[in-house]
Number of protein chains: 2
Amino acid sequence: MTSTTTGEDADARRRRRRAGADIKESMRELSVQLSLLNHQISASFELRDTDFDCLDVIKRHGPLSPSALARRTGLHAATLTGILDRLERGQWIARERDPDDRRAVIVRARRERNPELFRKFAGMNSAMDGLLADYDPDELELLADFLRRTADAGRAATDALVEGGRAPG
Amino acid sequence: MTSTTTGEDADARRRRRRAGADIKESMRELSVQLSLLNHQISASFELRDTDFDCLDVIKRHGPLSPSALARRTGLHAATLTGILDRLERGQWIARERDPDDRRAVIVRARRERNPELFRKFAGMNSAMDGLLADYDPDELELLADFLRRTADAGRAATDALVEGGRAPG
DNA sequence: TCGTACGATACGAGAACCGTAACATCTATT
DNA sequence: AATAGATGTTACGGTTCTCGTATCGTACGA
């Protein structure tokens with residue numbers, strides 16, 4: 001630990017690179033596992049994989065219009081009609097008319113079925129609770145911040161691909 | 001643990017609970033963003049969302065049979081035929097015959113198109129690199145370990161739902 | 001007032017999902 | 001050894017999904 005030479009630097013660099021690779025690797029695996037979990041839960045409610053993703057965006061970014069949702073998710077506007085149909089049929093959302101623009105529709109998340117959904121996530125949630133018990137508050141805050149920033153990076157990367165696909169130049 | 005001074009404990013507990021909630025919240029958002037990113041990338045290769053998830057499992061858990069893959073992902077065996085057809089058509093995998101069991105097929109991941117795929121992830125990857133530069137090696141290892149364990153939790157939760165759905169008792 | 005832009009959905013072609021069945025092969029029992 | 005049943009994979013088909021285009025109602029600038 002006390003080495004005066006570049007030995008420690010090289011070691012630190014090696015650890016850093018190794019851990020960085022591990023993180024991206026684990027991130028990819030985590031993404032796959034969460035997708036598969038999402039698939040099971042969606043299927044149990046007779047929804048498609050993407051439907052709950054949209055519901056999440058609606059919950060998070062407030063009441064918004066189908067076209068805004070399409071822009072945010074990168075999905076085709078016509079596809080959103082079907083997604084919103086299913087979510088509405090299942091009472092997950094409500095479509096309301098925009099009082100300021102009578103062409104527009106406002107999609108609002110409903111809360112009634114949240115407990116049902118929560119129950120499906122119970123297994124994952126309690127596993128997470130057990131896992132988080134091993135960390136002290138500082139570490140937890142480190143993790144929370146990392147996840148938030150990574151999610152932001154994911155959104156930026158998605159937006160870039162959507163824009164790039166739309167106007168390939 | 002030895003609490004005679006409940007003041008500090010209460011504060012730590014409050015921070016812990018708050019951070020735990022933030023983590024689960026961010027985790028869900030991360031999951032959504034990565035799904036949407038995955039959707040864009042899949043679409044750009046004319047694949048479905050789940051296809052790359054399966055490819056990832058194949059890459060990770062070695063050459064395996066379609067039925068093993070179905071068990072691992074919780075997808076219907078017949079669905080995997082279509083998924084593997086697309087992945088094979090795109091040269092992402094190869095189907096080989098199992099020499100030990102002539103009913104069986106062995107699915108092997110091919111590496112030729114990895115660079116192409118990597119290029120699609122370039123945006124996300126460099127964002128991650130920038131993000132990871134803010135952490136020291138110890139913190140990186142903490143993060144890597146956390147992600148690994150969370151992915152494991154995700155798999156366990158998915159398995160539980162698949163089993164529960166199969167035999168509801 | 002009129003023409004163009006925009007928001008949402010209907011429609012339809014092609015494709016996907018997955019339950020079932022078919023077929024080949026393996027394994028256990030007599 | 002022969003047969004019955006279990007297992008692995010894929011074909012088939014009905015229902016449903018996705019998404020390009022068209023349509024319809026509305027907003028807004030000229």
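Labels below follow one simple rule: chain letters A, B, ... track the order of the sequence lines, proteins then strands, and each chain is numbered from 1.
Nucleotide dG7(C) holds its C1' atom 14 Å from the CG atom of L64(A), rounded to whole Å. Straight-line distance from the CG atom of L84(A) to the C1' atom of dT18(D): 14 Å, rounded to whole Å. Across the protein-nucleic acid pair, H76(A) atom NE2 and dC17(D) atom C1' stand 14 Å apart, rounded to whole Å. As a whole-Å value, the separation of I106(B) CD1 from dT25(C) C1' is 15 Å. L80(A) has its CG atom 15 Å from the C1' atom of dG20(D), to the nearest Å. The distance from atom CG of L75(B) to atom P of dT9(D) is 15 Å, rounded to the nearest whole Å. What separates CG of D53(A) from C1' of dC17(D) is a distance of 16 Å, to the nearest Å. Counting to the nearest Å, the P atom of dT9(D) and the CD1 atom of I93(B) are 12 Å from each other.
Less than 4.0 Å separates DNA chain C from at least one heavy atom of each of the following residues of residues 31-52 of chain B: R48(B). Shown for residues 95-104 of chain A: residues whose heavy atoms fall under 4.0 angstrom of DNA chain C, namely R95(A), R103(A), A104(A).
Of the residues near DNA chain D, R89(A) and A78(A), the one whose nearest nucleotide (by heavy atom distance) lies more toward the 5' end is R89(A).
Residue pairs that meet the salt bridge (charged side-chain N to carboxylate O under 4.0 Å, His left out) test with at least one member in residues 27-42 of chain B, sequence neighbours left out, are D56(A)-R28(B), R60(A)-E29(B). Under the side chain to side chain donor-acceptor pair (under 3.5 Å) criterion, the residue pairs touching residues 97-108 of chain A are E96(A)-R108(A), D101(A)-R103(A), with sequence neighbours excluded.
The shortest distance between the side-chain N/O atoms of S65(A) and the OP1/OP2 oxygens of dG7(C) is not below 4.0 Å. The side chain of T81(B) places no N or O atom within less than 4.0 Å of a non-bridging phosphate oxygen (OP1 or OP2) of dT9(D). Considering only side-chain N and O atoms, S67(A) lies under 4.0 angstrom from the phosphate OP1 or OP2 of dA8(C).
Rounding to the nearest 0.5 Å gives a distance of 13.5 Å between CZ of R48(B) and OG1 of T79(B). A distance of 11.0 Å separates NZ of K120(A) from CG of L37(A), quoted to the nearest 0.5 Å. A distance of 8.0 Å separates NE2 in H39(B) from CG in L36(B), rounded to the nearest 0.5 Å.
Between R15(B) and D136(A) there is no salt bridge, since no side-chain nitrogen of the basic residue lies less than 4.0 Å from a carboxylate oxygen of the acidic one.
Side-chain atoms of S31(B) never come within 3.5 Å of backbone atoms of M27(B) as a donor-acceptor pair (strictly under, hydrogens ignored).
Evaluation of the side-chain contact (heavy atoms from CB on, under 4.5 Å) rule for E112(A) yields R110(A) as partners, not counting sequence neighbours. With sequence neighbours left out, the side-chain contact (heavy atoms from CB on, under 4.5 Å) criterion links R148(A) to A144(A), D145(A), D22(B), S26(B).
Considering only side-chain atoms of T79(A), the nucleotide from dT18(D), dA8(C), dG19(C) that sits closest is dT18(D). Relative to the side chain of R71(A), the nucleotides dG7(C), dC18(C), dT21(D) differ in distance, and dG7(C) lies closest.
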